Amino acid sequence: GEDALSLAVRARLALRQGQLREAAALAESALKGWPGLDLALLVRGRVRLEQEKPGAADDLSAGMVWTQRKDADALRWLAEAWEQAGNLPE
């Protein structure tokens with residue numbers, strides 16, 4: 001089988017190509033092999049945000065480790081997830 005990090009990288013690529021279902025499946029597979037893998041959490045969080053599913057903010061926040069809080073897109077996604085959840089930080 002493919003290693004978790006490769007799956008997470010493929011998930012991020014699928015996400016960039018707008019393939020949400022594929023991105024979600026790859027991220028979930030990556031997380032089965034490496035629970036807590038920050039890149040996979042970032043992708044799963046973005047998919048959850050797009051699909052308005054709960055848990056987006058938690059995943060995106062945990063996934064920020066990968067970006068070192070320097071990825072503008074990921075920071076915007078996290079703000080959107082907080083807004084969607086109705087709890088923007090003060």
Side-chain angles (χ1 to χ4, degrees):
E2 198 171 352
D3 70 90
L5 188 53
S6 295
L7 288 166
V9 169
R10 285 183 47 218
R12 176 71 181 212
L13 181 59
L15 180 64
R16 285 191 174 153
Q17 295 172 341
Q19 300 169 346
L20 295 183
R21 201 172 282 151
E22 178 73 6
L26 288 165
E28 289 294 345
S29 293
L31 288 166
K32 285 179 185 165
W34 184 345
L37 178 59
D38 41 15
L39 178 55
L41 288 168
L42 189 67
V43 171
R44 187 175 72 180
R46 176 60 180 165
V47 171
R48 286 180 170 177
L49 176 63
E50 284 294 315
Q51 297 175 340
E52 297 184 9
K53 290 185 176 176
D58 290 340
D59 280 353
L60 288 166
S61 188
M64 286 297 182
V65 173
W66 178 75
T67 69
Q68 298 178 345
R69 296 196 178 273
K70 294 178 183 171
D71 183 315
D73 287 336
L75 289 168
R76 188 180 71 248
W77 300 341
L78 182 57
E80 288 174 24
W82 280 334
E83 185 176 25
Q84 192 177 84
N87 59 349
L88 277 172
E90 296 299 320

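Since the structure is predicted, the reported quantities are computational estimates derived from the model, not experimental observations.
Note that the CG atom of Leu26 and the CZ atom of Arg12 stand 14.0 Å from one another [nearest 0.5 Å]. Taken from CG in Leu31 to CG in Leu39, the straight-line distance is 9.5 Å, to the nearest 0.5 Å.
Partners of Leu5 under the side chain to side chain contact (heavy atoms under 4.5 Å, CB included) rule, at least two apart in sequence or in another chain, are Asp3, Trp34, Leu37. By the side chain to side chain contact (heavy atoms under 4.5 Å, CB included) test, Asp73 is found to be paired with Asp71, Arg76, Trp77, residues two or more places apart in sequence or in another chain being considered.
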What verdict does the side-chain contact (heavy atoms from CB on, under 4.5 Å) test give for Glu2 and Arg10, after you've listed the backbone C-alpha separation in whole Å, the side-chain angles of each residue and the deciding distance to 0.1 Å? CA-CA 11 Å; Glu2 198 171 352; Arg10 285 183 47 218; 2.4 Å; yes

Step-by-step side-chain contact (heavy atoms from CB on, under 4.5 Å) determination, Leu75 to Met64: CA-CA 8 Å; Leu75 289 168; Met64 286 297 182; 3.8 Å; yes

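Between Ala8 and Ala30, the shortest heavy-atom contact is N-CB, 3.8 Å.
One hydrophobic cluster, built from ILVMFWY side chains closer than 4.5 Å, cannot hold both Leu7 and Leu15; they sit in different ones.
With hydrogens and angles ignored, the 3.5 Å screen pairs a side-chain donor or acceptor of Ser29 with a backbone N or O of Ala25.
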Residues 40-56, side-chain donor-acceptor partners within the protein, below 3.5 Å, at least two apart:
unit_1	atom_1	unit_2	atom_2	d
Arg44	NE	Asp59	OD2	2.6
Arg44	NH2	Asp59	OD1	2.9
Arg44	NH2	Asp59	OD2	3.4
Arg46	NH1	Glu50	OE2	3.4
Arg46	NH2	Glu50	OE2	2.7
Arg48	NH1	Asp59	OD2	3.0
Gln51	OE1	Lys53	NZ	3.3

